[in-house]
Q: 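Okay, here's the structure, questions in a sec.
Chain A is the first sequence line, chain B the second, and so forth, proteins listed ahead of strands; every chain is numbered from 1.
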Amino acid sequence: MIEIETLQLDWRQIVERHSLRVFRVAMRILDSVHDAEDVAQETFTEAYRLHQSRPIQSWTGLLIRLATLRAIDKLRCRKAVLPMESNSRSSESNAFELLVAKELANRLRVALGKLSDQQATVFIMVHYEEMDHGEIAIHLNISTASVANALCKARQRLTQLLSNESTGNKS
Amino acid sequence: MNRMNAIWNDDHPDSVLDQAIASVTTEPIDEEAARRVAEKAMALDSSNETTTPAAAIFLPASTRIDAVSDRKNHLRWRNLVGTIAAIAALLLIVISINGSSQKSAFAQVVEQMKSISSVRFVSTFQFANDRPQSSTMLVLNDILRCEQGGMVQIFDTTNKKYLVLDKNRKTADLQDYSPSVPKVVNPIAELLAVKDKPAKSLGRETINGQRADVFRLEKLGLTGITGEGEMTVWFDSKSSLPLKIEVLDLDPKHKTKFVFEKFEWNAKMGAELFSLSLPSEYKWDESARPRIAIANPKAPATPTSQDLSNGLLYSGRVPSRIEVDQVKKHLTAILKDDEKSRKFQLRELQQWDLVTGKVRWTEKAGGASELAICPALNMLCVVHDQEIQLRDLATGKVTNAWETQHPLGCVAINRNGTKLAHGYTIWGDSSETTEGGIEIWDIPSKSLERTIEGTGRVDCVAFSPVADIVVMAGVAVKLFDANSGKLEHSFLGRARAAFSNDGTQLAFVSAENAGDLNVSRVDIAAMQTYAIVQSLKTKIGNSKSSLLSLSFSANDQHLAAGDWNGTITVWDFATGSATSSPSPAKGGVHSVRFTDTSTLASGSEDGVLRLESTSK
């Protein structure tokens, strides 16, 4: 269901409603708590300033877009290899499976940095935030066809990048 | 490792991506960190007990097409009917082939054409490296109808008249063919005349699931195309009717490409589609003819003192780009044909003395599309196709030129004339498939310093006047370090951006809509903090807003915006007011530039270059 934000929404309510999502988006792109907190703070700071100067049509769209752009920018500035942070994973998991999963996740993050901003935003909204195309179209103020196109291109590109990484080809 | 390889070598690569997604989304989220984020974010508003936001009723956005700037979506017809003649020429010329089997194939085509009285097809036209423009073409006997975006053109080849309909403005313009316009012919009628021309067979191909015989004709002098034209035709192997036609004008001064496809032969179409009568709900367009007649139209358009006092510097061809040397009071512009024109002439560069209104020089400029100046070094840069030209700003003469790898779009020169940045766009079928980037060149050595890729469509570039920072505007607004190429900041903006003269502010078209399609938002960011310090709205226009140009006044107290819907908005930062141009353009505004602290020059599609005072 598409959320409706009414006239009476204040800043506190906006933060309460969206802070976890903003942090989650940044964290899933960057895999670093420190960097994700920085990006989330930058996102809310910029959103707050925009909020002061004009009405916001869609807080969901704005915050996810800002968080994605900031996180992708930070990702692109990083050096190629990310140090693996020690996350708390189940001690019962197979170590090799964990290693593979982590490697895949890191490769996806690097590849995500090579997408265009819109492709990255749509991809994240679909796959990380599990939003449907109609919802995304409304939040980003684009057509559902554009959402579908962006997602298709993003997946194609990411698949190609992940495949090239595995065969040692650089794209 | 075998298990690792098994994943990488999976026969279904999508599963690798889905596994990667699952790897990311199953990672736990540190909720304590999320709580810290929420606390810090709430603290931003700690000074206000109860924050009352501006009216923020969430309204579902329209499901209109993605807001890619369609500033040229109305038109770019270069000798359109001449192109139709090219089709005819193709249909008769194309099979001037040697060999008995080829002659019989040609005879089949001619026979087919004689029985055809109507056809519908899709035409795609691309001039130089501009965005391709597609249109639907219909032919019924001797009348041709072209539909593209909000414009319709109907050509009556028998009565030598054509009607132009603007669906957005609900205006119509009926004109006679002029002697300077190439002869208009019906492509089907052309088939009755046979003309021998050698055609090269390229064998067979399959397009759209149909087998086609492919032929190419070279060195063509088709109507509207110079002797460097090339035509490739795909004929249906069964019906011998064209499936696709591609026409190329390879002359670098005006490189052009036409593609005709999706033919529906003997299509059923209503006669009302081809009527030259004024449709209901339309009115005649009075702006189609020049509003002000220059005393001596044959002279280089020197305005009279009365013209100057009325704010008219020039009337004639369309000033599509203007730049101003505020110290010497010189204005330089690219002049081109208006988009309704059926004439084709090479573009020109022209420079005026703003004090006297006199033309200082005029130079032919081929297919020049963008320009930039560096008054400090007396330098003018013009780009067309893949060539960068440097010219003497005082004379307009070429002093240097070099080729680039990418087709050229917008261009900018830095403050000391040592670096040049140009944006390039490689058009795809949609905004998602369109790619772009920025090239930064060292001017003295004519060497490419770096390429910044992955920006998407690039509409505008500009250098900061005080730092080695370059801004690009297209699908987003981004700031880059011009020396390292490092991304400094991204804004939710699009299409156009401009630095203030003191370099402390950046104005750009906001990606946030203004709630009214006929209005645009312009955000002002402080360069020190990148914070948005102001958000402005343009004056409401009569049709959909598409901002094409932004300019700060010399003292940065005013900002002007030129819009394709004809509006010019000027904001006064001292008073907070916004005003419209006192002499609104009767066509889209291509370019605005302040000539000093309070005089604004604007070039618009009605072929007028205006000078207006912004002080009250």
Q: Can you tell me how far CD of A/E46 sits from OG1 of B/T529, rounded to the nearest 0.5 angstrom?
A: 10.0 Å
Q: Among A/S19, A/C152, A/A111, A/A105, single out the residue with the greatest number of heavy-atom pairs under 4.5 Å to chain B.
A: A/A105
Q: For B/S510, is it the side chain, the backbone, both, or neither that has a heavy atom closer than 4.5 Å to a heavy atom of chain A?
A: side chain
Q: First locate atom CZ of A/R65, then atom CD of B/E512, and finally report the distance between them rounded to the nearest 0.5 Å.
A: 5.0 Å
Q: If you measure from CG on B/D18 to CZ on A/R155, what distance do you get to the nearest 0.5 Å?
A: 4.5 Å
Q: Under the criterion side-chain contact (heavy atoms from CB on, under 4.5 Å), which of A/L98, A/L108, A/L104 is the partner of B/S23?
A: A/L104
Q: For each of B/H489, B/K486, B/E453, tally heavy-atom pairs with chain A at distances under 4.5 Å, and name the one with the top tally.
A: B/H489
Q: Who are the ring pair (Phe, Tyr, Trp, His ring centres under 6.0 Å) partners of B/F508, not counting sequence neighbours?
A: B/F491
Q: Applying a criterion of heavy atom separation less than 4.5 Å, what residues of residues 29-39 of chain B form contacts with chain A?
A: B/I29, B/D30, B/A33, B/A34, B/R36, B/V37, B/A38
Q: Where does B/K478 contact chain A at under 4.5 Å (heavy atoms): side chain, backbone, both or neither?
A: side chain
Q: For the atom pair NE2 (A/H127) and CG (B/L17), what is the distance rounded to the nearest 0.5 Å?
A: 6.5 Å
Q: Can you find a pair of side-chain heavy atoms, one from A/T159 and one from B/V16, that are under 4.5 Å apart?
A: no
Q: Quick one: side chain to side chain donor-acceptor pair (under 3.5 Å) partners of A/T121, sequence neighbours excluded?
A: none
Q: State the CG-CZ distance between B/L44 and A/F44, to the nearest 0.5 angstrom.
A: 9.0 Å
Q: Does A/E130 have any side chain to side chain donor-acceptor pair (under 3.5 Å) partners at least two apart in sequence or in another chain, and if so, which?
A: none
Q: Under 4.0 Å between a side-chain nitrogen and a carboxylate oxygen: does that hold for B/K40 and A/D38?
A: no
Q: Please classify the contact of A/E16 with chain B as side chain, backbone, both or neither, using a heavy-atom distance under 4.5 Å.
A: both
Q: Working to the nearest 0.5 angstrom, can you tell me the gap between B/L487 CG and A/L69 CG?
A: 9.5 Å
Q: Which region of A/T45, side chain (C-beta onward) or backbone (N, CA, C, O), has a non-hydrogen atom less than 4.5 Å from a non-hydrogen atom of chain B, or is it both or neither?
A: both
Q: Given 3.5 Å as the limit, does a donor-acceptor pair link the side chain of A/R12 with the main chain of B/M42, or not?
A: no
Q: Given B/V475 and A/D117, is the side chain to side chain contact (heavy atoms under 4.5 Å, CB included) satisfied, shown in steps?
A: CA-CA 9 Å; B/V475 292; A/D117 293 340; 5.9 Å; no
Q: Can you tell which of B/L492, B/I532, B/V533 has the highest number of heavy-atom pairs within less than 4.5 Å of chain A?
A: B/L492
Q: Measuring heavy-atom distances to chain A, does B/A476 have an atom under 4.5 Å in its side chain, in its backbone, in both, or in neither?
A: side chain
